[in-house]
Structure formats: structure tokens, C-alpha cells
Amino acid sequence: MKIKMTLLYLLLIFLDSSVYSAFTTNLLNTGAANTKLLILAIEAAVAIYIYLDLTKLKLMSRLSLKKWSVLGLVAGLTAWVVPNDQIIVKLLIYMVITMSTSLITLDVSNRILEISKSIELGFMKMANLKTAATLFGFFLGAVIALNSLKMVTVISVSFFMIILLLIPKNEVLNEHSESIKIKALSEKKSFWILGLLSANTIIWIPLVASNFIHHADYSKYIYVPFVLPGIITLLVFKILKNHQINRVMIYLIFMLVALGLVAGYYLHNIPLQISMLCLMVPTSLLTSIYVRSSFLTKNSQINKKVLIQMLSVNSNIFLLIFALISLNFAHIESIIVLFNLVSVVILIRGEKNENRN
């Protein structure tokens with residue numbers, strides 16, 4: 001069971017990240033305006049719909065996950081014949097594949113948390129797998145989509161066929177027909193904190209990468225900001241597997257690193273930027289894991305799948321909002337860091353209060 005769920009999660013994240021990278025790269029090459037915004041809007045819309053379907057509509061979430069795999073497979077096949085100038089059709093294909101992978105991933109994530117020794121360890125395991133799969137997925141997606149989306153068909157069909165074999169028969173996301181009641185939530189501040197944390201890598205990795213491009217000595221190493229932070233994150237997680245570090249210490253390191261990254265950016269110091277970025281990604285991810293674990297633990301009376309999807313909706317909406325703001329505001333990265341620092345201070349105070357009690 002553990003091996004099957006781990007493999008399923010790995011395949012789903014790899015498929016999702018490679019398709020995301022492929023469609024983004026392809027749309028950019030065809031001159032589609034505001035490509036990133038369009039993709040983020042689709043991701044947010046899919047996340048919101050899944051949440052509403054889980055809690056109110058109960059339509060899509062009652063279909064078997066095998067049917068969703070078939071639907072994703074069919075969408076992948078369609079990518080083979082779609083003309084390169086049909087942007088709307090491409091976005092619709094991306095939406096269907098995203099809906100399929102998101103629904104199956106939600107079920108698999110819930111199962112991984114259930115079979116893990118603790119919620120925190122479950123999130124840690126998923127973060128580890130996600131980092132590794134996303135690294136390779138982004139790279140592969142960018143390479144295969146330079147000319148057309150035909151290779152997307154090959155990858156999506158291949159992966160969905162394997163996923164079909166691994167998914168249990170008649171497995172559905174929403175097993176019960178009765179409506180899910182969302183009770184009063186504890187730790188509401190988690191939405192704000194997790195929303196800000198989700199923006200860190202999305203905002204800072206492209207910014208550091210753009211500095212590499214505009215600096216003659218570093219332009220040929222443009223891949224470093226995309227790859228090295230992921231590798232460092234995997235190493236940090238491997239170390240933490242056998243060694244426990246105080247949460248407050250992680251929060252303090254994150255604060256110092258965030259300030260260092262801003263300093264490196266405004267001083268145009270690329271070695272400092274990449275060093276701080278490599279530390280910011282794992283500390284930001286660890287902070288996110290701690291907050292998610294606490295949120296799920298303190299709201300244990302609510303269906304876990306609903307809670308996970310609520311957090312997914314929250315992250316997607318924050319990313320879309322920040323992307324929209326960044327179109328007209330030149331220094332959004334500094335504002336995000338400032339808000340992150342305030343959030344971490346709140347977390348440290350909360351941690352100290354819990355220790356006193």
C-alpha cells in the first residue's frame with residue numbers, strides 16, 4: 001500500500017509539473033499574451049471547483065478515479081492533433097488534464113497522510129517526493145514543448161495508463177453521499193501564512209534567473225536557480241529525516257535568509273542571491289509543512305480531503321493575486337518578504353505560547 005501510494009504520488013506530480021511546464025513554454029513560444037496568468041487562473045478555477053464539488057455539488061468527485069484517468073488520457077491524445085495556433089483549445093486540454101491529476105492527487109495525498117506515522121511526517125514525505133518529481137518534470141516539460149505538444153501526448157498517455165493500473169478499482173474521491181459540513185475552523189491565520197509562503201518560490205526563482213540572464217558571467221548558468229534550490233531542499237530533508245531541529249530555529253533561519261535574499265537582489269550580488277535562494281526554498285517549505293500539519297491537527301473534526309483542498313484553493317488564489325499585482329507593481333517581492341517576516345513573528349509567538357501551556 002505504502003509503495004503503491006508513493007509511486008502514484010510521484011507519477012502524478014511528475015506528470016502535472018511536466019504538463020504545466022510544457023504548456024507554459026509552448027504558449028510563450030506561440031506569443032500568447034499573459035500566459036502565466038492564464039495558467040494560474042486555470043489552476044485556481046480547477047482548485048475552487050474541486051472544493052465546491054467536494055462540499056456541495058458532489059458531481060465530479062463521485063466519478064471513479066479510473067474514469068478521470070481515462071479522461072486525462074483522452075485529453076492528452078487530443079494534444080497530438082491540436083494546431084499550434086489554437087490557444088483556447090490548448091488551455092482547455094490543460095484544464096482537463098489538471099482536473100484529472102488534481103482529483104487523483106487529492107485522494108492519494110489523503111491516503112499518504114492516513115498511513116504515515118504522523119501528519120507532519122506525511123507532509124514531509126510528500127514535499128520530498130514533490131520536490132524531486134517537479135525538478136525533473138519542469139525540465140522535461142520545457143524541453144519537449146519547444147516546437148509542438150506532440151510529446152505531451154506520449155508522456156500523458158503513458159503516465160495515465162500506469163496510473164490506471166495502480167488506482168484501486170471503483171475508487172472515488174467522495175465516498176459518501178451525505179453533504180460535508182464545514183465547522184468553525186481553528187488556526188484561520190494559516191490561510192494567510194500559507195498563501196504568502198506559496199508565493200516565495202514562484203516570485204523569487206524567476207527574479208534570480210532573470211539576473212543570471214542579464215549578467216554576462218552567469219548567463220550560461222541560467223538553469224542553476226531552477227535546479228540547485230531543489231537539490232539543496234532534498235539534501236536538507238534527508239538530513240532532517242534523522243535529526244530534529246527546533247521549529248523556532250527554522251523560523252529564525254527563514255527570516256534571516258529572506259532578508260539576505262532581498263539584500264542580494266538590491267545589491268545585484270548574484271552569489272549571495274543564489275545562496276540565499278537555496279536556503280529560502282527548504283526553510284519556506286519546512287515552515288509550510290509545520291503550518292499545514294498544525295492546521296489539519298487542530299481541525300481534525302473536518303474531513304481531511306476538504307481541508308487539503310481548502311489549502312490548495314488558498315495557495316492558488318494567492319498566487320493568482322500576486323501575479324496580477326506584479327503586472328503593475330515593480331517591487332512585489334519586497335512586500336511579500338515583509339509580510340512573510342510578520343507571519344513568522346506570529347508563528348514564533350504562537351510556538352512560545354504553546355510551550356508555556
Side-chain angles (χ1 to χ4, degrees), residues 36-37 39-41 43-44 47-48 51 120 123-124 126-127 130-131 134 185-209 225 229-230 233 236 247-266 273 276-299 307-353:
K36 188 177 178 182
L37 278 178
I39 296 293
L40 287 175
E43 300 256 344
I48 292 167
Y51 173 74
E120 188 174 305
F123 274 125
M124 189 83 77
M126 286 191 286
K130 189 171 186 176
T131 302
T134 302
L185 290 168
S186 300
E187 298 286 302
K188 291 184 182 67
K189 66 177 183 287
S190 299
F191 292 115
W192 166 259
I193 295 169
L194 289 170
L196 290 168
L197 289 170
S198 68
N200 286 327
T201 52
I202 299 296
I203 296 290
W204 278 104
I205 289 177
L207 275 175
V208 175
T233 299
V236 169
R247 289 187 182 191
V248 174
M249 183 63 70
I250 295 292
Y251 299 155
L252 290 172
I253 293 171
F254 173 69
M255 291 177 74
L256 292 172
V257 166
L259 290 170
L261 185 54
V262 172
Y265 181 71
Y266 285 106
Q273 285 177 47
M276 293 298 101
L277 183 66
C278 286
L279 291 174
M280 184 188 220
V281 172
T283 51
S284 177
L285 197 51
L286 280 168
T287 304
S288 174
I289 288 169
Y290 297 150
V291 176
R292 283 172 177 268
S293 303
S294 176
F295 179 75
L296 260 68
T297 302
K298 291 180 180 179
N299 291 286
L307 292 175
I308 295 170
Q309 193 57 30
M310 284 175 73
L311 296 179
S312 177
V313 169
N314 181 66
S315 296
N316 279 289
I317 289 175
F318 264 84
L319 288 176
L320 184 58
I321 290 170
F322 284 132
L324 288 167
I325 293 172
S326 66
L327 292 175
N328 300 304
F329 192 77
H331 301 288
I332 185 65
E333 68 283 343
S334 303
I335 300 298
I336 290 173
V337 166
L338 178 62
F339 285 152
N340 268 295
L341 295 178
V342 174
S343 299
V344 171
V345 169
I346 293 169
L347 287 174
I348 292 172
R349 287 185 63 183
E351 199 74 28
K352 288 184 175 178
N353 289 336

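Here, residue 1 is the first one in the sequence, and each next residue gets the next number.
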Locate the shortest heavy-atom distance separating Trp192 from Ser343; write the atom from each residue and the value.
-> NE1-OG, 3.2 Å
Heavy atoms, side chains only, cut-off 4.5 Å: are Leu279 and Met276 in contact?
-> yes
What heavy-atom pair brings Leu319 and Ser198 nearest, and what distance separates the two atoms?
-> CD2-O, 3.5 Å
Roughly how far apart are Lys189 NZ and Ser294 OG, rounded to 0.5 Å?
-> 6.5 Å
Rounded to the nearest 0.5 angstrom, the OH-CG distance for Tyr251 and Leu347 is 5.0 Å
Give, for atom OG of Ser190 and atom CG of Leu185, the distance between the pair rounded to the nearest 0.5 Å.
-> 9.5 Å
Calculate, to the nearest 0.5 Å, the distance between atoms NZ and CG belonging to Lys298 and Leu307 respectively.
-> 14.0 Å
Candidate pair Leu259 and Leu341, rule side-chain contact (heavy atoms from CB on, under 4.5 Å), full reasoning = CA-CA 9 Å; Leu259 290 170; Leu341 295 178; 3.7 Å; yes
For the atom pair CG (Asn314) and CZ (Phe295), what is the distance rounded to the nearest 0.5 Å?
-> 8.5 Å
So which heavy atom on Asn316 is nearest to which on Glu43, and how close?
-> OD1-CB, 3.4 Å
What's the verdict on side-chain contact (heavy atoms from CB on, under 4.5 Å) for Trp204 and Val262, showing C-alpha distance, side-chain angles and the deciding distance?
-> CA-CA 10 Å; Trp204 278 104; Val262 172; 4.0 Å; yes
Answer with yes or no after comparing the ring centroid distance for Phe191 and Phe318 against a 6.0 Å cut-off, counting only values under it.
-> no
What is the distance from atom CG of Leu261 to atom CG of Leu256, rounded to the nearest 0.5 Å?
-> 12.5 Å
Nearest heavy-atom approach of Ser293 to Phe123 is OG-CD1, 3.6 Å
Counting only N and O atoms by type, is there a donor-acceptor contact under 3.5 Å from the side chain of Ser288 to the main-chain atoms of Ser284?
-> no
Give a yes or no answer on whether the side chain of Thr283 reaches the backbone of Met280 with a donor-acceptor pair at less than 3.5 Å.
-> yes
Looking at side-chain heavy atoms only, is the closest gap between Val281 and Val236 below 4.5 Å?
-> no
Is there a donor-acceptor contact under 3.5 Å linking the side chains of Tyr266 and Ser334?
-> yes
Close side-chain approach of Leu296 and Leu311, heavy atoms under 4.5 Å | yes
Can you check whether Ala47's main-chain N or O pairs, donor with acceptor, with Gln309's side chain at less than 3.5 Å?
-> yes
Heavy-atom pair of closest approach, residues Ile348 and Met255 | CD1-SD, 4.1 Å
State plainly whether the residues Glu187 and Arg292 are in salt-bridge range, i.e. N to O under 4.0 Å.
-> no
Could you check Met124 against Leu286 for side-chain contact (heavy atoms from CB on, under 4.5 Å), going step by step and ending with a plain yes or no?
-> CA-CA 8 Å; Met124 189 83 77; Leu286 280 168; 3.9 Å; yes
Close side-chain approach of Asn200 and Phe254, heavy atoms under 4.5 Å | yes
Below 4.5 Å, heavy atoms only, C-beta onward: do Ile308 and Tyr51 meet side chain to side chain?
-> no
What pair of heavy atoms forms the shortest contact from Ala44 to Leu320, and how long is it?
-> CB-CD2, 4.2 Å
Side-chain contact test, heavy atoms from C-beta onward, threshold under 4.5 Å: evaluate it for Glu120 versus Thr297 and give yes or no.
-> no
Trace of the side-chain contact (heavy atoms from CB on, under 4.5 Å) decision for Val208 with Tyr265 = CA-CA 8 Å; Val208 175; Tyr265 181 71; 5.8 Å; no
